[in-house]
Asks: 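I'd like to ask some things about the structure below.
Values below: every heavy atom of this structure, side chains too, minus hydrogens, waters and symmetry copies. Bear in mind the structure is a predicted one, so any value in this text is a computation, not a measurement. Numbers restart at 1 for each chain; the letters A, B, ... are given by sequence-line order, proteins then strands.
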Amino acid sequence: MGESLESSLPRDGVLPVVTVAPGWGIGVVAVLGALVIVAAVLDGVLCARSAGSSLGVGGGAGRPLGEAARLMRQRRRTTVQADTLLWRVGGAGLVVAAALMVAVVPLGRWTVADLDVGVVWFNAMDVMVWAVVWLTGWGANSTHALVGGYRFLAHGLGYELPLMFALVAPAIAAGSLNVGMVAAAQDGVWFAVWMPVAFAVYLLGVAGFSVWGPFAPALGVDIAGGVRAELSGVDRLLFETGRYALLAAGAAFAVPMFLGGGAGPVLPGWAWVLLKTLAVLSLLVWARRKLPALRPDTFMELGWLVLLPAVLVQDLLVAVVAVWRS
Amino acid sequence: MVVVDVAFWVLGLVAVLGGAVVFVVDSMARATYGLAVSFVAVGVQVLMLQQSYVGVVIILMMVMEMAVMAVYMVMFMGMNPALMPMSMVHSNRTALAAAVLAFLILAAGILLVDWPTRRGNPQPDVTVALGEALMGRQMLVMAVISPVMVATIVAGVVLAAPRTRYDRLGDDLRRRPADDHQPGGVGR
């Protein structure tokens with residue numbers, strides 16, 4: 001173990017990331033907030049374009065901000081015998097999970113939490129989303145919301161294991177579960193290039209835990225909005241922000257895991273991390289309208305009979321390469 | 001260091017109270033997630049013991065397990081599948097006696113065991129040290145038993161399944177797609 005740790009250190013023996021004071025966590029959350037706004041505006045523009053309406057500030061681009069203002073003034077809807085505690089915990093949990101995810105993502109040289117098992121930490125936080133989304137569905141004491149919660153868990157059972165094994169591939173290649181080490185291990189060739197299956201499955205997993213695009217049936221119109229059927233006002237705003245925040249956190253985590261971290265010409269490391277994050281985030285937002293919904297009742301088989309074996313073969317190849325290299 | 005000590009004890013308290021909540025509340029969802037809070041507190045405590053991997057994996061596995069357990073609890077427990085308020089306790093006297101007895105035995109164990117004093121310093125990678133201390137020379141045995149256990153689970157499910165491949169694919173196993181009550185996603 002000690003040997004593999006040493007071999008994954010950069011040649012000059014300098015640790016790849018510096019831990020900054022915990023107070024910078026506020027800065028990280030601010031960056032996450034900015035990414036959320038960018039993603040929401042982009043989605044608004046794409047929405048307006050597909051609907052053929054105006055794209056400007058008065059139209060698509062301004063839609064998310066207008067929607068936020070509307071929700072902040074909206075009176076909170078109440079339901080009979082709601083489990084308010086669990087409902088609120090669920091609604092607020094998505095943002096918290098996303099913030100805890102980005103805490104281990106290095107922004108160039110700096111990171112807030114240089115956890116030695118950062119990859120597993122990210123995984124634990126995305127599992128937290130299972131609980132949070134189901135609780136949001138449960139809390140309202142509403143049939144449609146609960147059906148949505150079950151739909152999400154059905155999707156979760158399908159996407160989570162492939163996602164876990166997709167995260168394993170970069171960790172094997174880097175010989176470390178530390179996010180900074182994984183980023184530093186990609187000198188020259190990005191992991192996305194030589195482990196494309198893991199990268200693709202990872203992106204699908206990000207869409208999964210953000211209840212996004214193909215995984216949106218948990219919020220489907222056929223069940224009156226599903227998990228968020230009874231969410232209103234600030235609660236709904238928080239839930240939607242949480243989805244975008246998870247999407248942004250997933251995009252940010254893809255950068256050190258698959259896209260070489262802060263590596264790139266001319267610009268400093270932090271700028272490259274942000275640029276790559278924005279690129280992945282835009283791809284995810286754009287893909288929302290391009291991919292068909294995955295049915296919760298049939299996705300399980302797709303996940304376990306197609307994605308899981310594919311990503312396991314990917315892991316095997318990566319492991320063989322890692323052994324052959326050492 | 002005082003802050004860390006206080007945080008550790010507070011987490012311990014949260015873990016115990018989270019466990020106790022399970023028997024107090026009248027909702028399957030609250031009971032399940034009370035238990036989840038308890039497990040997460042324990043996971044963070046393990047994190048504070050520098051066992052990062054074990055701590056994070058406890059959080060990961062337990063939250064996932066509780067999310068799935070909530071589904072089963074709501075489906076199968078109680079007269080009206082746990083969507084309504086229901087008591088979380090039964091056989092109170094026996095349970096109370098068993099709980100008190102178990103507590104006394106465990107507490108006596110803690111107090112009576114001759115705990116070893118620390119010799120030398122902790123190893124740099126305490127997770128590896130813990131694994132070797134727990135498994136030691138049994139590692140090979142455990143590595144062999146694991147696939148056997150998985151095979152047993154799979155075999156158990158296969159034996160318990162009421163429908164066989166002949167029900168799915170017909171007597172000559174040639175029916176495509178298979179006749180399933182719940183069709184899958186890849187058209188087998």
Asks: Is it the side chain or the backbone of A:Val306 that comes within 4.5 Å of chain B heavy atoms, both, or neither?
Replies: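 For A:Val306, side-chain heavy atoms alone lie under 4.5 Å from chain B.
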Asks: Between B:Val68 and A:Leu157, is any pair of side-chain heavy atoms under 4.5 Å apart?
Replies: yes
Asks: Which atom pair, heavy atoms only, marks the closest approach of B:Ala67 to A:Ala131?
Replies: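 Residues B:Ala67 and A:Ala131, closest heavy atoms: CB-N, 4.3 Å.
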Asks: Distance check, rounded to the nearest 0.5 Å: A:Trp138 atom CH2 versus B:Arg30 atom CZ?
Replies: 10.5 Å
Asks: Do B:Leu60 and A:Met164 come close enough that some side-chain heavy atom pair is under 4.5 Å?
Replies: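 B:Leu60 reaches A:Met164 side chain to side chain.
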Asks: State the CD1-CE distance between B:Ile59 and A:Met125, to the nearest 0.5 angstrom.
Replies: 5.5 Å
Asks: Taking atom OH as the centre, does A:Tyr150 end up with more than 12 heavy-atom neighbours from other residues, nucleotides or ligands that are less than 6.0 angstrom away?
Replies: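 Yes, enclosed.
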Asks: Using non-hydrogen atoms only, which part of A:Trp121 is less than 4.5 Å away from chain B: side chain, backbone, both, or neither?
Replies: both
Asks: Are more than 12 heavy atoms from other residues, nucleotides or ligands located less than 6.0 Å from atom CG of B:Asp171?
Replies: no
Asks: Mind checking the OG1-CG spacing from B:Thr32 to A:Leu135? Nearest 0.5 Å is all I need.
Replies: 9.5 Å
Asks: By a 4.5 Å heavy-atom criterion (distance strictly below it), what part of B:Tyr33 contacts chain A: side chain, backbone, both, or neither?
Replies: side chain
Asks: Return the CE to CE distance between A:Met128 and B:Met64, rounded to the nearest 0.5 Å.
Replies: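 So the gap between those two atoms works out to 12.0 Å.
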Asks: Around atom CZ of A:Arg295, are there more than 12 heavy atoms of other residues, nucleotides or ligands at under 6.0 Å?
Replies: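 Count not over threshold, so no.
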Asks: Report, as yes or no, whether the 6.0 Å neighbourhood of atom CE on B:Met139 holds more than 12 heavy atoms from other residues, nucleotides or ligands.
Replies: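 For B:Met139, atom CE is crowded (more than 12 foreign heavy atoms under 6.0 Å).
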Asks: Relative to chain B, which segment of A:Asn123 carries a heavy atom at a distance below 4.5 Å: side chain, backbone, both, or neither?
Replies: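 Contact with chain B involves both backbone and side-chain atoms of A:Asn123.
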Asks: Measuring heavy-atom distances to chain B, does A:Leu302 have an atom under 4.5 Å in its side chain, in its backbone, in both, or in neither?
Replies: both
Asks: Could you tell me the separation between the CG atom of A:Leu86 and the OG atom of B:Ser27, rounded to the nearest 0.5 Å?
Replies: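 Between atom CG of A:Leu86 and atom OG of B:Ser27 there are 6.5 Å.
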Asks: With side chain to side chain contact (heavy atoms under 4.5 Å, CB included) as the test, pick out the partner of B:Val56 among A:Val119, A:Val120, A:Asp116.
Replies: A:Val120
Asks: Please look at A:Glu160 and chain B and tell me whether the side chain, the backbone, both or neither of the residue comes under 4.5 angstrom of a heavy atom of that chain.
Replies: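 For A:Glu160, the contact with chain B is made by the side chain alone.
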